[in-house]
Colleague: 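Dropping a structure here in structure tokens format, bear with me for questions.
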Amino acid sequence: MSVQARHRAYRFRCYPTSEQAEQLARTFGCARLVYNKALDYRHKAYFRRRESVTYNQTSKMLTVWKRRKDLAFLNEVSSVPLQQALRHLQKGYSTFFKGQTDYPRFKKKRVLSGSAEYTRSAFTWSRGQLTLAKQTEPLKIRWSRRLPVDAVPSTVTVSRDAAGRWFVSLLIEEDIPTLPEREGAVGIDAGITSLLTLSTGEKITNPRHERADRDRIRKRQKDLSRKRKGSANYRKAQIKLARAHARVADRRADHLHKLTTRLVRENQTIAVENLNVRGMLAGHMLARAIADASWSSFRSILEYKADWYGRDLIVVDRFLPTSKTCSACGTLIESMPLTQRTFICPDTECGHTEDRDVNAAKNILAAGLVESRNACGDGVRHDPS
Ligand SMILES: [Zn+2]
């Protein structure tokens with residue numbers, strides 16, 4: 001068993017005083033403004049003059065902006081979150097150029113929500129008390145879980161969601177022991193009717209109460225649509241809707257954390273499909289939108305946990321026809337409409353019949369094992385019997 005130093009984020013609810021809240025809201029606003037101005041600048045430079053602008057250049061721009069009379073208010077907040085906003089933009093560009101994300105977008109002005117990131121020089125940490133730059137009192141935090149002994153956060157992010165709740169996330173480096181190697185291997189298919197299907201035949205369903213929560217969201221959406229835009233009642237309805245969304249998201253996150261922990265404990269090799277989540281989001285159905293959001297967070301949680309605990313996560317090409325292939329004999333069929341819930345192999349000698357998603361999950365596992373063999377060059381390490 002080896003031990004690796006990893007960064008782990010610990011997130012807590014926090015309760016700023018009204019003075020702190022006001023100061024934080026101003027910081028969020030300035031960070032958003034700086035981000036948007038830099039995006040506008042970089043975009044225009046590229047399209048007008050074919051110039052690419054670096055992070056360092058935008059950082060120099062920030063110094064210039066702070067000297068402008070109309071932007072003097074930027075000096076009232078800590079400069080670190082503003083710099084971090086420029087770093088995020090830089091990251092947005094680099095992931096875009098690697099083909100991993102969409103082109104960076106302007107951050108919209110929201111009623112309540114926003115965030116600000118503080119690095120080591122912009123907060124003090126002493127005996128578990130966190131005081132942010134430009135603030136005099138420590139932030140009141142609800143410590144819902146224990147931090148590792150002697151932990152000192154390297155980065156602190158304060159955020160507020162659309163429901164008005166405040167959070168603080170502490171990035172902490174700690175030693176995480178990898179788990180002992182296991183024999184298990186599993187393929188996972190992302191579905192719509194059930195959340196996930198495993199190659200073992202197990203179906204992971206949505207968290208309990210989700211249907212009821214979804215009905216609540218729909219009702220709140222309706223309520224909101226009846227209110228006059230900009231009125232006080234509209235605001236209230238907006239917050240109520242955001243709370244309903246937050247509830248679904250919280251339950252989902254909890255569900256996904258338990259599930260991913262179980263999967264990495266039980267398996268050495270985990271194969272998933274590289275679904276294009278953004279493409280999937282095209283449909284407007286609420287259930288579907290939530291399922292898509294879950295899939296992408298499932299993937300990212302699984303990725304870091306596999307990394308922490310020394311597991312192999314294999315991503316299978318999404319263009320492989322995993323739904324249209326017989327998992328028993330490998331016969332490829334012409335079409336497999338979504339409404340068809342059972343795979344029936346047309347090969348008369350085979351005749352394999354199986355639940356559509358289980359069949360797909362088995363193929364994902366098989367493809368994953370091929371890819372892992374190609375990557376290692378020394379044969380499959382763990383053969384699933
Ligand atoms: Zn077959």
Side-chain angles (χ1 to χ4, degrees), residues 179-207 255-277 280 291-292 294-307 309-333 335-338 340-347 350-376 379-385:
L179 291 168
E181 282 214 11
R182 292 286 300 255
E183 290 295 305
V186 70
I188 303 169
D189 178 64
I192 295 163
T193 49
S194 60
L195 181 58
L196 300 168
T197 303
L198 309 186
S199 54
T200 54
E202 186 186 349
K203 298 224 167 202
I204 312 278
T205 52
N206 291 323
H255 190 61
L256 293 180
H257 270 289
K258 286 182 183 142
L259 175 65
T260 46
T261 298
R262 200 194 100 198
L263 288 168
V264 298
R265 281 193 182 285
E266 290 174 356
N267 299 284
Q268 181 62 37
T269 306
I270 302 168
V272 294
E273 230 174 341
N274 186 13
L275 292 180
N276 182 350
V277 171
M280 285 169 70
D292 293 353
S294 292
W295 174 250
S296 61
S297 55
F298 171 76
R299 269 286 309 276
S300 63
I301 298 171
L302 194 61
E303 228 158 89
Y304 75 71
K305 284 192 183 167
D307 186 39
Y309 297 115
R311 301 310 202 210
D312 307 316
L313 180 70
I314 300 160
V315 180
V316 171
D317 194 291
R318 72 187 173 92
F319 295 111
L320 276 177
T322 50
S323 309
K324 293 191 288 187
T325 301
C326 173
S327 63
C329 73
T331 297
L332 176 66
I333 60 171
S335 74
M336 185 70 187
L338 264 175
Q340 201 177 316
R341 301 308 311 163
T342 310
F343 181 94
I344 301 164
C345 184
D347 185 298
C350 174
H352 183 68
T353 304
E354 194 158 44
D355 175 89
R356 165 204 184 92
D357 299 333
V358 177
N359 183 64
K362 284 184 176 173
N363 288 325
I364 290 167
L365 174 59
L369 291 170
V370 172
E371 273 184 38
S372 109
R373 183 176 49 197
N374 290 347
C376 302
V380 179
R381 277 181 290 172
H382 306 281
D383 190 17
S385 42

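Quick caveat, the model's predicted, so the values are computed rather than measured.
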Colleague: For Gln340, which residues count as a side chain to side chain donor-acceptor pair (under 3.5 Å) partner, sequence neighbours excluded?
Modeller: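 So Gln340 forms no side chain to side chain donor-acceptor pair (under 3.5 Å) with any residue.
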
Colleague: In the structure I gave you, are the side-chain heavy atoms of Leu259 and Ile204 within less than 4.5 Å of one another anywhere?
Modeller: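 They are in side-chain contact.
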
Colleague: Give a yes or no on whether the backbone of Ala361 and the side-chain of Asp189 come within a donor-acceptor separation of less than 3.5 Å.
Modeller: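 Flag not set: sc Asp189 to bb Ala361 has no pair under 3.5 Å.
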
Colleague: Determine, stepwise, if the pair Lys362 / Val358 fulfils side-chain contact (heavy atoms from CB on, under 4.5 Å).
Modeller: CA-CA 6 Å; Lys362 284 184 176 173; Val358 177; 4.2 Å; yes

Colleague: State, to 0.1 Å, how close Gln268 and Gly310 come at their nearest heavy-atom pair, and which atoms those are.
Modeller: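 Here Gln268 and Gly310 meet closest at NE2-O, 3.1 Å.
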
Colleague: Less than 4.0 Å between a side-chain N and a carboxylate O, is that true for Lys203 and Asp357?
Modeller: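 Yes.
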
Colleague: So which atom in Leu320 and which in Glu273 form the shortest heavy-atom distance, rounded to 0.1 Å?
Modeller: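 Minimum heavy-atom contact is O-OE2, 4.3 Å.
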
Colleague: Checking the side chain of Asn267 only, and the main-chain atoms of Leu263 only, is there a donor and an acceptor separated by less than 3.5 Å?
Modeller: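 Checked: pair present.
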
Colleague: Rounded to the nearest 0.5 Å, what separation is found between the SG atom of Cys326 and the CG atom of Leu332?
Modeller: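 So the gap between those two atoms works out to 10.5 Å.
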
Colleague: Going by atom types only, do Thr260 and Lys305 share a side-chain donor-acceptor pair under 3.5 Å?
Modeller: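 The criterion, which ignores hydrogens and geometry beyond distance, is satisfied for Lys305 and Thr260.
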
Colleague: Thr325 versus Thr331: any side-chain heavy-atom pair under 4.5 Å?
Modeller: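 They are not in side-chain contact.
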
Colleague: Do you know the tightest heavy-atom contact between Val316 and Ala271?
Modeller: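 Nearest heavy atoms, Val316 then Ala271: CG2-CB, 4.4 Å.
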
Colleague: Considering only heavy atoms from C-beta outward, does the side chain of Ile364 approach that of Ile188 to under 4.5 Å?
Modeller: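 The answer is no; the side chains never approach within 4.5 Å.
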
Colleague: Step by step, work out the side-chain contact (heavy atoms from CB on, under 4.5 Å) result for Asp312 and Ile270.
Modeller: CA-CA 6 Å; Asp312 307 316; Ile270 302 168; over 6 Å; no

Colleague: Please identify each residue that fulfils side chain to side chain donor-acceptor pair (under 3.5 Å) with Ser327, with sequence neighbours left out.
Modeller: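 Scan of Ser327 (side chain to side chain donor-acceptor pair (under 3.5 Å), adjacent residues dropped) gives Glu354, Asn359.
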
Colleague: Would you compute the distance between atom CZ of Phe343 and atom NZ of Lys324 and round it to the nearest 0.5 angstrom?
Modeller: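 Between atom CZ of Phe343 and atom NZ of Lys324 there are 11.0 Å.
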
Colleague: Of all the heavy-atom pairs spanning Leu256 and Ser297, show the shortest one and how long it is.
Modeller: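 Leu256 and Ser297 have their closest heavy atoms at CD1-OG, 3.3 Å.
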
Colleague: Mind checking ring-ring contact (aromatic ring centres under 6.0 Å, His included) for Phe298 and listing every partner two or more places apart, or none if nothing turns up?
Modeller: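 Trp295.
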
Colleague: Do you know which two heavy atoms are closest between Asn206 and His255, and how far apart they sit?
Modeller: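 Shortest heavy-atom contact: C-NE2, 4.2 Å.
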
Colleague: Of the non-hydrogen atoms in Ser199 and Leu365, which two are nearest, and what is the gap between them?
Modeller: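 So the two residues come closest at OG-CD2, 3.7 Å.
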
Colleague: In Å and rounded to the nearest 0.5 Å, what is the CG to CZ distance from Asp355 to Arg341?
Modeller: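 Answer for the CG-CZ pair, Asp355 versus Arg341, is 6.5 Å.
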
Colleague: To the nearest 0.5 Å, what is the distance between OG1 on Thr269 and CD on Glu181?
Modeller: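 The distance works out to 8.5 Å.
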
Colleague: Judged by atom type as modelled, is there a donor-acceptor pair below 3.5 Å linking the side chain of His352 to the main-chain atoms of Asp347?
Modeller: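 Between the backbone of Asp347 and the side chain of His352 there is no qualifying donor-acceptor contact (under 3.5 Å).
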
Colleague: Between Leu302 and Val272, is there a side-chain heavy-atom distance shorter than 4.5 Å?
Modeller: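 The answer is yes, as the side chains (C-beta and beyond) meet within the 4.5 Å cut-off.
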
Colleague: How far does OG of Ser294 sit from CZ of Arg299, to the nearest 0.5 angstrom?
Modeller: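 That separation rounds to 14.0 Å.
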
Colleague: Taking only Lys NZ, Arg NE, NH1 and NH2, and the carboxylate oxygens of Asp or Glu, determine whether Arg262 and Glu202 approach each other closer than 4.0 Å.
Modeller: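 Salt bridge: yes.
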
Colleague: Rounded at 0.5 Å granularity, tell me how far CZ in Arg182 sits from CD in Glu266.
Modeller: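 Answer rounded to 0.5 Å: 7.0 Å.
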
